[in-house]
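Here is the structure we will look at.
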Amino acid sequence: VISSANSLRPVQKAHDLLLAGADPLDAVVEGVKIQELDPTDMSVGYGGLPNADGVVQLDASCMHGPMKRAGAVGALEGIKTAAEVAKLVLKYTTHIMLVGEGAKRFALSYGFKEEDLLTDASRQAWLEWRATLSPRDNWIDVPARTPMVVHPPTGTINCNAVTPTGDIASVTTTAGLAWKIPGRVGDSPIIGAGQYCDNEVGASGSTGLGELNIMVCGAFLTVDG
Ligand code: ASP
């Protein structure tokens, strides 16, 4: 199992599941779910930093090497575990990507609960960003409590796994760039950019400024380029 630096617990979880015989996609999705549900991780899922309107919009995608299938969600609101929803798109539909309201309704149809994804900390960070955005706005400046307020912090989890028999899967999940323009979708849910998996070759995924990665199809380029 290999992952971005912010996911030691997901790697451990996915590794344990693989050794217990789990499917590689189930293993990585269960792994990243730990961070998605962790309110202190401000890069993904619950507690992820919101967009400019103060709304958390999540992106995620995944691929299953043996099945040669992919699933993704973009700008998903109100559901904590975007990677799980992406896996359901892969498993139960002939589509690859669902976005926005449709993605949320799809998740609700599988029993996911709609919840407020803002935590006190992520709301506070957003309020500070809004208050200090411009010296000419009508919000009274407040001292920033965190260094992250003005410059959009990045953060995403990509996790890839190979089973002892050589089957591969990949997943990427994120809250995207903090303070993004509402509706902005980054690289994470784009197959071939946010992650890519070829069972004969390997898997790859990305974190960082999604706009740059989308233009070079970075994950595909790394695996099959
Ligand atoms: N790649 C993500 C995006 O552009 C952000 C990140 O990795 O921090 O949405």
Side-chain angles (χ1 to χ4, degrees), residues 2-11 28-29 31-36 38-63 70-86 89 96-100 103 117-119 121-122 125-126 129 146-160 170-197 203-223:
I2 190 164
S3 188
S4 42
N6 48 354
S7 45
L8 285 177
R9 289 183 301 167
V11 166
V28 290
V29 169
V32 300
K33 189 173 164 183
I34 295 172
Q35 297 303 122
E36 290 179 320
D38 181 349
T40 66
D41 187 330
M42 294 176 123
S43 68
V44 297
Y46 178 49
L49 290 171
N51 65 20
D53 284 347
V55 176
V56 181
Q57 290 188 322
L58 304 177
D59 295 337
S61 66
C62 59
M63 282 184 85
V73 289
L76 173 67
E77 296 178 12
I79 308 289
K80 287 178 174 172
T81 51
E84 270 191 322
V85 185
V89 175
I96 286 185
M97 187 189 289
L98 299 179
V99 301
L117 302 189
L118 278 181
T119 57
S122 61
W126 171 68
W129 169 77
T146 54
M148 67 169 72
V149 173
V150 175
H151 301 292
T154 55
T156 289
I157 296 178
N158 165 246
C159 189
N160 310 307
S170 52
V171 67
T172 295
T173 183
T174 189
L177 292 185
W179 336 132
K180 61 194 173 186
I181 297 171
R184 178 262 190 193
V185 168
D187 58 328
S188 304
I190 296 179
I191 309 303
Q195 54 73 44
Y196 190 75
C197 168
S204 161
S206 65
T207 69
L209 188 58
E211 280 70 11
L212 295 179
N213 186 37
I214 289 169
M215 289 194 290
V216 298
C217 302
F220 176 78
L221 192 66
T222 306
V223 175

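Not measured: the values here are computed from a predicted model. All ligand and atom numbering here is 1-based and tracks the order in the structure.
Every atom of ligand 1 with a heavy atom of D187 under 4.0 Å away is listed here by number and element: 1 (N), 2 (C), 3 (C), 4 (O), 9 (O). Near T207, meaning under 4.0 Å from any of its heavy atoms, are these atoms of ligand 1: 7 (O).
A donor-acceptor pair shorter than 3.5 Å cannot be found between the side chains of T81 and E36.
Annotation: salt bridge (Lys or Arg N to Asp or Glu O under 4.0 Å) contacts involving residues 185-194, sequence neighbours excluded, are absent.
For S204, the side-chain contact (heavy atoms from CB on, under 4.5 Å) partners are A219, T222, V223, not counting sequence neighbours.
Look at E211 and R184 and you find a salt bridge, because one of the NZ, NE, NH1 or NH2 atoms lies within 4.0 Å of a carboxylate O, short of that distance.
Remark: among candidates S4, G186, G208, the nearest residue to atom 5 (C) of ligand 1 is G208, based on non-hydrogen atoms.
Classification of the W129-W179 ring pair by plane angle, with boundaries at 30° and 60°, yields parallel.
Not one N or O of G176 is nearer than 3.5 Å to an N or O of ligand 1, by distance alone. Polar contact with ligand 1: absent for T174 (N/O pair, distance under 3.5 Å).
Only side-chain heavy atoms of R184 come within less than 4.0 Å of ligand 1; its backbone N, CA, C and O stay farther off.
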